[in-house]
Number of protein chains: 2
Amino acid sequence: MNVKRDLETQVLMAARESNISSILFRNAISRKLGLVSTDSECLSLLSIKGVSTPKDIARFTGLTTGSTTAMLDRLEKAKFIKRRPNPADRRGVLVEINEQWTKTVGPLVEEIQQAQAELIASYSDNDLATIADFLIRFANNVKAYTHRIEESLNQPHRGIT
Amino acid sequence: MNVKRDLETQVLMAARESNISSILFRNAISRKLGLVSTDSECLSLLSIKGVSTPKDIARFTGLTTGSTTAMLDRLEKAKFIKRRPNPADRRGVLVEINEQWTKTVGPLVEEIQQAQAELIASYSDNDLATIADFLIRFANNVKAYTHRIEESLNQPHRGIT
DNA sequence: ACTTGAAAATCAAGTATCTTTATTATAAAG
DNA sequence: CTTTATAATAAAGATACTTGATTTTCAAGT
């Protein structure tokens, strides 16, 4: 029973470590490219989703819509993203990654992507299924509780400044 | 062979999803407490390491030492951290979490921590060992490549502004 | 001991980012 | 066809960040 609890603690710690190391990696890339952290969060989102809207980007980065506009102006000027009208809603725009971003960030991430692919390939099918299952459940928990916190955001705490 | 590649892709995607959902969670907490994202990165680090130095905090958050000083001033004024002299080096200070932070953030995270603990407890010992192993290796890869990028930070790209 | 060069934290000035509030245009509902 | 809500933007003000200089201390070398 103690062995079991040790294992549980190890998984918790490992999940934290993994999370922290991802933050450090993102920060390193950001400094390298002269981006602020919200910039790279935005670009991460777009890299995965392909296309998004300023509204969703604002939610993801935690920015107000005002600063999201400013951020998208920056990134568009740097040719990292493109804005185009949303055919389904003339109020809105769609934001997508521009080729320039791939060319810029590619050399910085291709090695680690290769390394992670090799790491994953070294596991058995059974193990991979277990790992994927765990990660998805873990993420789903996080999403559920994020939603709760956002819902309770109407009587906000005061800022610290 | 195709099944295997599907599984590999699933793990990659799941890892990304997990990472993204953690960012969203952190941003939600930050907005709730009126913190900027570097503040909560700093507090995360301190929650895990217990005690740290402004130098290490600067590296972790990607801030300059100058803005780290300002950030620590903010957090100290809010009673979320404490500074105390470093007995081993009179130039430096040690930074640690203050009780006030635990009391403030505790209610916001205890439910999800409970949920994650239950999720983890639902796996067999074998599975837990596999998951921990994977997460640690994954994180170690990220750390290694973060280090490389930081090393190459001497001929930096130009900022985008 | 005494210099020298480096390291840790801080400070002050300037710049950039973020929030707030208001505005424009469009959508959806009554 | 008014009313209310939503999406994005703009401008002004507040906040956070960077840069460069300063202070104190450390670690070697002489």
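For clarity, every value in this text was computed on a predicted model and none was experimentally measured. In what follows, every chain begins at residue 1, and chains take the letters A, B, ... in the order their sequences are listed.
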Atom [atom1] of [X] to atom [atom2] of [N]: distance rounded to whole Å?
X	N	atom1	atom2	result
A:L94	D:dA7	CG	P	13 Å
A:L75	C:dA16	CG	C1'	14 Å
A:D73	C:dT17	CG	P	11 Å
A:M71	C:dT17	CE	C1'	11 Å
B:K77	D:dA16	NZ	P	9 Å
A:I57	C:dC18	CD1	P	14 Å
A:I81	D:dA8	CD1	P	12 Å
B:R31	C:dT19	CZ	P	9 Å

Just the table, please: protein N/O against nucleotides 13-15 of chain C N/O, every pair under 3.5 Å.
none

Sugar-phosphate only, base, or nothing, as touched by [X] at under 4.0 Å among non-hydrogen atoms:
X	value
B:D89	sugar-phosphate
B:T53	sugar-phosphate
B:G92	sugar-phosphate

Handout entry: Five-pair end axes of the helix from C:dA1-D:dT30 to C:dG30-D:dC1 and the angle they enclose, rounded to 10°
Key =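 One end's axis against the other's: 30°.
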For residues [X] and [Y], report the shortest heavy-atom separation together with the two atoms involved.
X	Y	value
A:V142	B:S21	CG1-O, 3.2 Å
B:G62	A:N27	N-ND2, 4.1 Å
A:V11	B:A132	CG2-CB, 3.9 Å
B:A78	B:Q100	O-CG, 4.0 Å
B:T68	B:A58	OG1-CB, 3.3 Å

Practice task
Identify, between A:A88 and B:L72, the residue whose nearest nucleotide on DNA chain C lies closer to the 5' end.
Solution key: B:L72
Exercise for the section: For A:T68 and for B:P54, locate the closest nucleotide of DNA chain C by heavy-atom distance; then report the residue assigned to the nucleotide nearer the 5' terminus. Expected result: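 By nearest-heavy-atom nucleotide position, the 5'-most residue is B:P54.
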Among [options], which is the nearest nucleotide to the side chain of [X]?
X	options	result
A:T38	C:dC18, D:dA16, C:dT10	C:dC18
B:R90	D:dT9, D:dT18, D:dT25	D:dT25
A:T64	C:dT20, C:dC18, C:dA8	C:dT20
A:R74	D:dA8, C:dA9, C:dC18	C:dC18

Below 3.5 Å between N/O atoms, which protein atoms pair up with nucleotides 2-5 of chain D? Just atom names and distances, please.
none

Exercise for the section: List in chain and number order the residues that pass side-chain hydrogen bond (donor to acceptor under 3.5 Å, both in side chains) with A:S44, two or more places apart in sequence or in another chain; answer none if no residue qualifies. Expected result: A:R26
Problem - Any residue meeting side-chain hydrogen bond (donor to acceptor under 3.5 Å, both in side chains) with B:Q10, in chain and number order, not counting sequence neighbours - result: none
Handout entry: Sequence-distant partners of A:D73, side-chain contact (heavy atoms from CB on, under 4.5 Å), two or more places apart
Key =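 Counting only residues at least two positions away or on another chain, A:D73 forms a side-chain contact (heavy atoms from CB on, under 4.5 Å) with A:T69, A:R83.
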Does any part of the side chain of [Y], heavy atoms only, come nearer than 4.5 Å to the side chain of [X], both counted from C-beta?
X	Y	result
A:L72	A:E76	no
A:Y123	B:R137	yes
A:D127	B:D133	no

Exercise for the section: Check the side chains of B:S30 and B:S40 for a donor-acceptor pair under 3.5 angstrom, ignoring hydrogens and angles. Expected result: yes
Exercise for the section: Could you tell me whether the phosphate oxygens of C:dT19, OP1 or OP2, come under 4.0 Å of any side-chain nitrogen or oxygen in A:S67? Expected result: yes
Problem - Whether over 12 other heavy atoms sit under 6.0 Å from B:K143 NZ - result: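 Atom NZ in B:K143 is packed in, count exceeds 12.
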